[in-house]
**Q** 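Handing you a structure now.
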Amino acid sequence: AGLQLQGALEGGWLKRTADVDSLLIQVEKGIVSVMNRESVKTTAYDQDIWLESIAMMYYMGLDEKVPESQIEAVLASQLYGGGWSYQTGSESTSLHSSVLALWVLLEYKESLLLQENS
């Protein structure tokens with residue numbers, strides 16, 4: 001939902017209105033809930049869903065709402081071979097999860113650089 005909503009706003013297909021702002025707030029709450037691992041009811045793909053939620057926070061321009069602890073958890077969940085798994089406890093590397101983790105880390109690095117330059 002966050003990806004589609006943000007894409008529609010960026011593409012100019014959707015204008016900011018009170019209804020859209022309300023929807024953005026609802027989507028943000030849902031993403032934060034997933035990021036904080038409060039609303040994922042499955043163990044399958046739990047890590048992939050979690051990584052995607054953090055990436056969506058950055059994509060939606062909500063950088064300041066991603067706690068440092070989330071970045072530390074991303075780094076701590078990296079597998080020995082360098083990638084990330086789709087599921088907590090799995091040692092199997094997932095290309096999708098690994099790309100999401102790298103996206104998050106690059107966004108985090110960019111946000112640090114912007115903070116330094118402001």
Side-chain angles (χ1 to χ4, degrees):
L3 180 65
Q4 296 303 319
L5 187 55
Q6 189 65 32
L9 286 167
E10 288 178 7
W13 302 298
L14 191 60
K15 302 291 181 212
R16 294 292 294 258
T17 64
D19 288 339
V20 170
D21 287 343
S22 176
L23 186 56
L24 281 166
I25 290 168
Q26 290 175 2
V27 169
E28 178 187 331
K29 285 180 184 177
I31 294 171
V32 168
S33 178
V34 173
M35 180 178 70
N36 291 330
R37 297 179 185 241
E38 298 166 347
S39 65
V40 176
K41 305 294 184 204
T42 179
T43 55
Y45 302 98
D46 67 323
Q47 187 156 289
D48 190 78
I49 295 165
W50 166 66
L51 289 166
E52 195 163 85
S53 70
I54 302 170
M56 286 306 102
M57 292 292 286
Y58 281 108
Y59 182 63
M60 293 178 70
L62 302 170
D63 310 29
E64 71 284 350
K65 295 185 179 186
V66 178
E68 191 84 22
S69 61
Q70 293 289 344
I71 302 304
E72 292 167 3
V74 170
L75 291 169
S77 65
Q78 186 176 20
L79 299 173
Y80 180 76
W84 281 262
S85 176
Y86 66 94
Q87 183 173 317
T88 302
S90 173
E91 293 297 317
S92 179
T93 300
S94 161
L95 181 59
H96 187 259
S97 300
S98 297
V99 169
L100 287 169
L102 292 172
W103 177 7
V104 165
L105 295 173
L106 287 169
E107 291 280 3
Y108 173 70
K109 181 179 179 182
E110 184 177 335
S111 70
L112 289 178
L113 292 172
L114 289 173
Q115 287 174 14
E116 287 177 6
N117 293 330
S118 58

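Note that this is a predicted model, so its numbers are computed, not measured. Both backbone and side-chain heavy atoms feed into the values below; hydrogens, waters and symmetry mates do not.
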**Q** Identify whether L51 and Y108 are in the same connected component of the hydrophobic contact network (ILVMFWY, side-chain heavy atoms under 4.5 Å).
**A**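 In one cluster: yes.
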**Q** Does any non-hydrogen side-chain atom of V27 lie less than 4.5 Å from one of L24?
**A**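 When only atoms from C-beta onward are counted, V27 and L24 do not touch, as no gap falls below 4.5 Å.
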**Q** Side-chain contact, heavy-atom cut-off 4.5 Å: K65 with I31?
**A**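 No, their side chains stay 4.5 Å or more apart.
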**Q** Roughly how far, to the nearest 0.5 Å, is OG of S90 from CG of L79?
**A**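 With rounding to 0.5 Å, CG (L79) is 7.5 Å from OG (S90).
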**Q** Counting heavy atoms not belonging to Q4, are there more than 12 under 6.0 Å from its CD?
**A**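 At most 12 heavy atoms, drawn from other residues, nucleotides or ligands, come within 6.0 Å of this atom.
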**Q** When the side chains of residues 94-105 are checked against the rest of the protein, which donor-acceptor pairs come out under 3.5 Å, sequence neighbours left out?
**A**
from	atom 1	to	atom 2	distance (Å)
S94	OG	H96	N	3.4
S94	OG	S97	N	3.1
S94	OG	S97	OG	3.2
H96	ND1	D48	OD1	2.8
H96	ND1	D48	OD2	3.2
S97	OG	D48	OD1	2.6
S97	OG	S85	O	3.4
S98	OG	W84	N	2.9
S98	OG	W84	O	3.4
S98	OG	S94	O	2.8
W103	NE1	E107	OE2	3.0

**Q** Measuring only between side-chain heavy atoms, which start at C-beta, is Y59 closer than 4.5 Å to L3?
**A**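 Side-chain contact under 4.5 Å: yes.
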**Q** Where do V20 and L9 land on the side-chain contact (heavy atoms from CB on, under 4.5 Å) test, with the steps shown first?
**A** CA-CA 9 Å; V20 170; L9 286 167; 4.1 Å; yes
**Q** Rounded to the nearest 0.5 Å, how far does CG of D21 lie from CD of Q26?
**A**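 Taking CD in Q26 and CG in D21, the distance rounds to 11.5 Å.
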**Q** Could you tell me which non-hydrogen atom of W50 sits nearest to which non-hydrogen atom of V34, and how far apart they are?
**A**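 Result for this residue pair: CD1-O, 4.1 Å.
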**Q** Can you list the steps and then say if R37 with T88 is a side-chain contact (heavy atoms from CB on, under 4.5 Å)?
**A** CA-CA 12 Å; R37 297 179 185 241; T88 302; 3.7 Å; yes
**Q** Which residues pass the side chain to side chain contact (heavy atoms under 4.5 Å, CB included) test with Q115, sequence neighbours left out?
**A**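 Expected list: L112.
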**Q** Can you list everything that forms a ring-ring contact (aromatic ring centres under 6.0 Å, His included) with Y86? Sequence neighbours excluded, please.
**A**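 Per chain and number, Y86 pairs via ring-ring contact (aromatic ring centres under 6.0 Å, His included) with Y45.
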**Q** Would I49 end up clustered with M56 when hydrophobic side chains under 4.5 Å apart are linked, directly or stepwise?
**A**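 Per the 4.5 Å side-chain linkage, I49 and M56 are not co-clustered.
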**Q** Could you report the tightest heavy-atom contact between Q87 and D46, atom names first, then the distance?
**A**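 Between these two residues, the closest heavy atoms are CA-OD1, 3.3 Å.
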**Q** Main chain of M35, side chain of Q70: is a donor-acceptor contact present, judged purely on distance under 3.5 Å?
**A**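 Yes, the answer is positive, given that a donor and an acceptor are paired below the 3.5 Å cut-off.
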**Q** Going hydrophobic residue to hydrophobic residue with side-chain gaps under 4.5 angstrom, can you get from I54 over to L106?
**A**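 No; L106 is not reachable from I54 via cluster members.
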**Q** Is there side-chain contact between L62 and V32, with at least one heavy-atom pair below 4.5 Å?
**A**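 Contact flag for L62/V32 side chains = no.
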